[in-house]
Amino acid sequence: MRSHSTSTAISPNLISVHAFIKKVPPYTNYDDSQQLLESLRGAFTNNNNPSHHRNPGIPIPELSALISQYQRATQSAPPPLLSVSGRYLPFLYHLISTLISAPHSYTVVIVDTEGKFDATRLVASQSSSQANYPATLADLAHVHLYRPGRSQEGVKAVLGGVDEFMLYGDHASRGRQWWGTVVIGGAGGGGLVHAGWKGWLRVEREDVGVGGFAAGVSIEEALQARSSRMHTVEQAGWTASSRWGSYSWKGP
């Protein structure tokens with residue numbers, strides 16, 4: 001993972017993180033968005049032959065079909081390609097893991113205004129969830145993470161310069177196709193995918209029918225059943241639902 005900030009959630013013992021601090025000073029320290037934009041532009045090279053361009057498609061047929069239904073019904077066009085709300089982080093881990101892994105092998109930019117995105121979650125921790133989180137540790141080198149803070153000016157500055165940087169900049173993902181940008185939080189939106197408090201696709205845990213305890217159940221009986229019930233909930237998948245349909249997958 002390429003981290004474009006002064007901090008990262010990934011342990012240096014697990015992944016070698018290469019920051020662009022020498023070329024792009026820490027975003028969180030900027031008060032002037034124009035100064036940030038100029039710093040981004042200063043990191044670009046003069047290479048006029050980019051080896052890859054963005055591909056706004058999503059290589060998950062069921063999800064792609066749902067997006068098409070939404071666009072036809074609302075007569076809308078990207079960006080954003082997808083606007084997600086609810087418990088959106090598990091959805092983003094699933095989507096980005098799919099994008100950066102074989103056979104697609106894209107590179108993705110993430111603008112995380114909330115500081116909660118954990119790139120290690122892109123790699124399956126259990127073999128049972130590997131199909132939905134297929135990325136490897138090597139694939140994480142092609143996740144470019146920006147953390148500009150919650151400043152709307154900072155987010156705009158990053159979005160204003162990241163296209164040129166990814167297409168012409170000196171970075172390790174030039175051998176891959178750049179898929180696009182995911183923005184987490186940020187009132188101004190932006191990116192091909194935007195995740196925040198408002199979105200037409202809402203993510204929640206899959207309903208497994210675990211309700212409350214029946215009347216008359218003793219404390220002892222409730223305690224005995226608790227671990228089984230918790231295991232059932234933890235093994236449940238996720239559902240991203242909307243007025244135009246839903247998409248489900250299994251994962252932590």
Side-chain angles (χ1 to χ4, degrees), residues 1-5 7-21 23-24 43 50-64 67 80-82 84 87-112 114-147 158 162-163 165-184 191-195 203 237-238 240 247 249-252:
M1 184 196 76
R2 299 299 188 264
S3 177
H4 300 251
S5 74
S7 63
T8 178
I10 300 180
S11 167
N13 295 325
L14 179 61
I15 301 170
S16 177
V17 179
H18 301 277
F20 286 82
I21 301 303
K23 291 187 177 181
V24 185
S51 61
H52 54 289
H53 298 275
R54 286 176 297 174
N55 183 343
I58 289 184
I60 303 175
E62 300 89 342
L63 184 57
S64 181
I67 293 171
L81 185 67
L82 191 55
V84 193
R87 300 176 66 179
Y88 46 74
L89 281 175
F91 174 84
L92 295 180
Y93 296 141
H94 167 54
L95 172 62
I96 296 169
S97 181
T98 301
L99 290 171
I100 64 175
S101 63
H104 316 296
S105 299
Y106 294 121
T107 184
V108 177
V109 169
I110 300 167
V111 181
D112 178 17
E114 300 177 347
K116 295 180 180 178
F117 186 86
D118 178 4
T120 62
R121 297 286 300 276
L122 299 173
V123 180
S125 58
Q126 300 176 1
S127 58
S128 59
S129 58
Q130 191 168 5
N132 290 320
Y133 301 85
T136 66
L137 290 177
D139 290 323
L140 299 191
H142 304 284
V143 176
H144 297 261
L145 178 60
Y146 290 80
R147 285 185 172 137
V158 173
V162 74
D163 285 45
F165 178 73
M166 290 305 299
L167 291 176
Y168 301 103
D170 182 15
H171 54 78
S173 298
R174 289 191 55 79
R176 288 193 173 205
Q177 219 176 10
W178 177 35
W179 182 81
T181 302
V182 175
V183 177
I184 303 174
L192 278 180
V193 175
H194 179 249
V203 181
W238 296 91
Y247 169 72
W249 75 100
K250 294 292 185 182

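Counting from 1, the numbers follow the sequence of the chain as shown.
Taking NE2 from H144 and OG1 from T107, the interatomic distance works out to 3.5 Å, rounded to the nearest 0.5 Å. Distance CD1/I67 to CD1/I60: 8.5 Å, rounded to 0.5 Å. Rounding to the nearest 0.5 angstrom, the gap separating the CG atom in L137 from the OG1 atom in T120 is 9.5 Å. Distance CG/D163 to OH/Y168: 10.0 Å, rounded to 0.5 Å. Put simply, CZ on F165 and CH2 on W178 are 10.5 Å apart, with the number rounded to the nearest 0.5 Å.
Of all non-hydrogen atoms in H171 and M166, the two that sit nearest each other are NE2-O, 2.9 Å. Shortest non-hydrogen contact noted between L122 and S97 is O-OG, 2.7 Å. Scanning all heavy atoms of the two residues, the minimum distance from F117 to D112 falls at N-OD2, 3.0 Å. Scanning all heavy atoms of the two residues, the minimum distance from L99 to P59 falls at CD2-CD, 3.4 Å. Residues R176 and D139 come closest through the heavy atom pair NH2-OD1, 2.9 Å. Heavy atoms only, all atoms of each residue included: P90 and R87 are closest at CD-O, 3.2 Å.
Between the side chain of R147 and the backbone N or O of E114, no donor-acceptor pair lies under 3.5 Å.
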Derivation of the side chain to side chain contact (heavy atoms under 4.5 Å, CB included) call for L82 and F91
CA-CA 12 Å; L82 191 55; F91 174 84; 3.5 Å; yes
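In this structure, Y88 has no ring-ring contact (aromatic ring centres under 6.0 Å, His included) partners at least two apart in sequence or on a different chain. S129 meets the side chain to side chain contact (heavy atoms under 4.5 Å, CB included) test with A124, Q126, Y133, P252; sequence neighbours excluded. Listed by chain and number, the residues in a side-chain hydrogen bond (donor to acceptor under 3.5 Å, both in side chains) with S125 amount to none (sequence neighbours excluded).
Put simply, the side chain of Y247 reaches to within 4.5 Å of the side chain of H94, judged on heavy atoms. Contact annotation: the side chain of L140 approaches that of I100 to within less than 4.5 Å [non-hydrogen atoms, C-beta and beyond]. Between I184 and K116 there is no side-chain heavy-atom pair separated by less than 4.5 Å. Using a 4.5 Å cut-off on side-chain heavy atoms (C-beta onward), I58 and W179 make contact.
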